[in-house]
Amino acid sequence: MSHTPPIPAGNQSPYPLQEVPHKPAAAAPASDDPRVAKTPEKRTNLETPTLIGIAAGIGLAAIAGGLFYAFRSPPPKRSKKRKTAKA
């Protein structure tokens, strides 16, 4: 099954099936060259746990506030004022 049948000339794809070989790249410029961009320092993953902690704290505060609001004591009952009939 390794044999591929010949393809007629009118049936061949206009696009190449394999990439054309590339020329080797030129040597990289020296690291002290001012035109070369400096690689930024790698950041630590300190930001991610801090943000997760802040989000958890805000969420817990919202839940606690909701529970305090739901289970608060009912307001004191007001005495009913009687309506007097005007003559």
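These values consider heavy atoms only, across backbone and side chains, with no hydrogens, waters or symmetry-generated copies. From a predicted model like this one, the values you see are computed outputs, not experimental measurements.
- Members clustered with Ile63: Leu67, Phe71, by chain and number, using a 4.5 Å side-chain heavy-atom cutoff among hydrophobic residues.
- Geometric assessment of Arg72 against the ring of Phe68 yields a negative cation-pi assignment under the 6.0 Å and 45° thresholds.
- By the 4.5 Å side-chain criterion applied to Ile, Leu, Val, Met, Phe, Trp and Tyr, Ile58 is assigned to a cluster that also includes Ile54.
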